[in-house]
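The block underneath contains the structure these notes are about, expressed in structure tokens.
Side-chain atoms are counted along with the backbone in the values below, which use heavy atoms only and exclude waters and symmetry mates. The chains referred to below are lettered A, B, ... by the order of the sequence lines, with proteins before strands, and numbering in each begins at 1.
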Amino acid sequence: MAKRITSPVYVVGDNIDTDQIIPAQYLTLVPTIPDEYEKLGSYAMVGLPDDLYPSRFIPENSSKTEYKIVIAGKNFGCGSSREHAPIALGAAGVEVVVAESYARIFFRNSVATGELYPYESRERLLDVCRTGDLATVDFDNDTVTINDHEFTLKPMGDVRPVIEAGGIFNYARQTGMIPAKA
Amino acid sequence: MDPWCTPFLMTLTEKILARASGRRSVGAGDNVWVNTDILLTHDVCGPGSIGVFKREFGQDAKVFDPKKIVIIPDHYIFTSDRLSNRNVDILRDFAKEQALPYFYDVIDDPIGSWTFSPEIGQLKRQYGSRYQGVCHAALPKLGHARPGEVLFGTDSHTCMAGAFGEFASGIGNTDAGFILGTGKLLVKVPETMRFYLEGALPPGVMAKDVILWVIGDIGFDGATYRAMQWEGPGVSSLNMDDRMTIANMAIEAGGKNGIFPADAATFAYVDERTRLNGTKADYDPVELDQDQKLVFDKVYDLSKLEPTVAMHPNPGNRALAKELENVKLDRAYIGSCTGGKASDFVAFAKVVKGRHVKIDTYGVPATSDVVHELKEIRWDSQSIWDVLVDAGVQMTENASCAACLGGPKDTFGRLNAPLTCISATNRNFPGRMGSKEAKVYLASPYTVAASALTGRVTDPREFLN
């Protein structure tokens, strides 16, 4: 099944830590409670400094972003182990992050929850695009096309089917690793 | 040791993961299912982990082993925030439902609910007899850290318990939910970096300076996905608190875990704490091999280190304290798993004794035990607690994570304005302690204390002669 996502991109720098993705004051929200899951989405990326990021990630009075693709530099998601970080992005409507590299726990939590696809780029894409530029991520060819330039991405390997299934529990059930829900 | 059984040379982390996965050997990059000895969670990630567990295993499901689950509320406790108070109640309900023996509740009433009283205020004790405070500082004190074991925790600073020769690593709610149901987790065996310590710390230099120096060296993503293994003759000069401080900040270099070999000091600590708390007393430590597969190997001479600071905006942004004496400060803060132990407050008190701080200074003991110790230990006729209060430090008895990670607006010590703060905590990304315009400098308790006295970043050695 061909899989592509086209969306304007939101571009961030290196070392975007989990406090910038979802500030600690919102960790009072419990992601498994549906209303609070939605609320987490409305706070995604509010920790980014306003002077560096003048475009709002989430419009005022909304819980969704128009940016389904986030382009980032190195060490995206560093800092705390809070699963609220990929969840806030996923709840806001982000489907893919394309970063030069990830912090370990963020990457793992993205896969475990199935909230978003954490692609690794080969180039420093944040230098070749700006927030609002249109991009297409092609999952079958592992590429991202931004402003008509195509860049190859590192294949996700075994991680992709886990996210496609909706996280480790769904994947484990689909593949018979754990029994189906009663 | 049976020579036929151990032909493979492994790092400490590899040995523990091999045993926990039922294999003779594992190597870096192997994906293995490991058995969990302890799962640690708290009020911020516990409710979500419980939610995942119930969603996936059913409303009536039972945890894999009640004795292997440790729940220590510590993050957002002393706040009027309604959701935070509710989250503590979710933990209590779960502990009761599952008959968990190791739930360290804020209140003593097993069917009560927790509310913070703003009238009593932030400074005076508002907790019951079971409450501990910061989970990573409390866990070993309560006899839940043992050499050779596997500890997972829903908090990035879980790696602190690597000080006790165990594999300890932070995970998310979904993985924790999986462990609650199965006791297992799929992990990738990390590559190991070795930090070989020689010598001993000179006066005025603390374990915090060691880790800040090393993170500055390798970069704050320099250990991403890797184990940071501490070895060498310098290790024996570090006490357990020192080792905890160093292991604690492995995550600030991106590390999966930090680990020290267990020695006589480790065994003495662990044996005492398991005996006092009646927790599992037997354990099987792993020993260092002569030859190991390392991806990084560097010698550090402790005696050459100086008071070190991580400048805003990340823990790898290193400078020496003496190079920053023109940095003006608004606030000083001592607390957290990293910097809120009794030994941290004693060091702070040595610097400020008989003097007075020049800027707002907040002190949050990591645990209720630390509060007790600071009130018990006396210099001449004065307790350490009184030394600190007399010096102008705002000390709270309400041990918790407090402003280390900002938290709800009414959190004690939170940076609610764009202030510049020097802190004995572990992380200084934008917004970490509250306002995203605030600037945080990380340093040792000595350096934070000296800086509190002058209102500028200050090398503490001038106050310690």
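Using a 4.5 Å cut-off between heavy atoms, B:K436 contacts chain A through its side chain alone, with no backbone atom that close. Neither the backbone nor the side chain of B:I50 comes within contact range of chain A, judged by heavy atoms closer than 4.5 Å. Contacts of B:R414 with chain A are made by side-chain atoms alone, with heavy-atom separations under 4.5 Å and no backbone atom involved. Of the two parts of B:D81, only the side chain, counted from C-beta on, holds a non-hydrogen atom closer than 4.5 Å to a non-hydrogen atom of chain A. For a residue to count as touching a neighbouring chain, one of its non-hydrogen atoms must lie under 4.5 Å from one of that chain's; by this rule A:I33 touches chain B with the side chain only. Heavy-atom distances place the side chain of B:I251, and not its backbone, under 4.5 Å from chain A. Using a 4.5 Å cut-off between heavy atoms, B:E437 contacts chain A through its side chain alone, with no backbone atom that close. Only the backbone of B:T154 has a heavy atom closer than 4.5 Å to any heavy atom of chain A. Heavy atoms closer than 4.5 Å to chain B are found in the backbone of A:Y102, but not in its side chain. Only the side chain of B:K409 comes within contact range of chain A, with at least one heavy atom under 4.5 Å from a heavy atom of that chain.
Residue B:G407 comes nearest to A:A24 through the heavy atom pair N-CB, 4.2 Å, listed as atom of the first residue, atom of the second, then distance. Nearest heavy-atom pair, B:G48 versus A:P31, reported as atom, atom and distance to 0.1 Å: CA-CD, 4.4 Å.
Chain A forms more heavy-atom pairs under 4.5 Å with one residue of B:R82, B:R86, B:K188 than with any other, namely B:R86. Of the listed residues B:G170, B:G431, B:S169, the one with more heavy-atom pairs under 4.5 angstrom with chain A than any other is B:G170. Among B:K54, B:R55, B:R432, B:K256, the residue making the largest number of heavy-atom pairs under 4.5 Å with chain A is B:K256. Contacts with chain A were tallied for B:N314, B:V52, B:L405, B:N173; B:N173 has the most, counting heavy-atom pairs under 4.5 Å. Counting heavy-atom pairs under 4.5 Å between each of A:N170, A:L48, A:I87, A:D51 and chain B puts A:L48 at the top. Each of B:D43, B:N426, B:L186, B:I90 has some count of heavy-atom pairs under 4.5 Å with chain A, and the biggest count is that of B:L186. Between chain A and the residues B:T182, B:D175, B:D155, the most heavy-atom pairs under 4.5 angstrom are made by B:D175.
Enclosure of atom CZ in A:R124 by more than 12 non-hydrogen atoms of other residues, nucleotides or ligands within 6.0 angstrom is indicated. Shown here is B:D60, whose CG atom has no more than 12 heavy atoms of other residues, nucleotides or ligands within 6.0 Å. For A:R4, the CZ atom is loosely surrounded, since the number of other residues' heavy atoms within 6.0 Å does not exceed 12.
Using bins of under 30°, 30° to 60° and over 60° for the plane-to-plane angle, the ring pair A:F169/B:F178 lands in the tilted bin.
Between the B:Y76 side chain and the A:L27 main chain, no donor and acceptor come within less than 3.5 Å of each other. A donor-acceptor pair is defined here as one N or O able to donate and one able to accept, closer than 3.5 Å; such a pair exists between the side chain of B:N87 and the backbone of A:T28.
Note that the CD1 atom of A:I21 and the CZ atom of B:F429 stand 10.5 Å from one another [nearest 0.5 Å]. Taken to the nearest 0.5 Å, the CD1 atom of A:I105 stands 8.0 Å off from the OG1 atom of B:T158.
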Residues A:Q25, B:T411; criterion side-chain contact (heavy atoms from CB on, under 4.5 Å); working and verdict: CA-CA 10 Å; A:Q25 69 198 88; B:T411 300; over 6 Å; no
Check the pair B:I171, A:R108 against side-chain contact (heavy atoms from CB on, under 4.5 Å), reporting the backbone distance first and the verdict last. CA-CA 8 Å; B:I171 57 172; A:R108 170 82 180 211; over 6 Å; no
side-chain contact (heavy atoms from CB on, under 4.5 Å) between A:I168 and B:T174, worked out: CA-CA 8 Å; A:I168 49 164; B:T174 300; 3.8 Å; yes
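Within residues 67-85 of chain A, the residues having any heavy atom under 4.5 Å from a heavy atom of chain B are, by residue number, A:N75, A:C78, A:G79, A:S80, A:S81, A:R82, A:E83, A:H84.
No side-chain donor from either of A:R104 and B:S156 sits under 3.5 Å from a side-chain acceptor of the other.
We find that B:R427 and A:D17 are not joined by a salt bridge, their nearest charged nitrogen and carboxylate oxygen being 4.0 Å or further apart.
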Under 3.5 Å, sequence neighbours excluded: what are the donor-acceptor pairs made by side chains of residues 52-62 of chain A?
unit_1	atom_1	unit_2	atom_2	d
A:Y53	OH	A:G13	N	3.0
A:R56	NE	A:I58	O	3.0
A:S62	OG	A:K64	N	3.0
A:S62	OG	A:K64	O	3.2

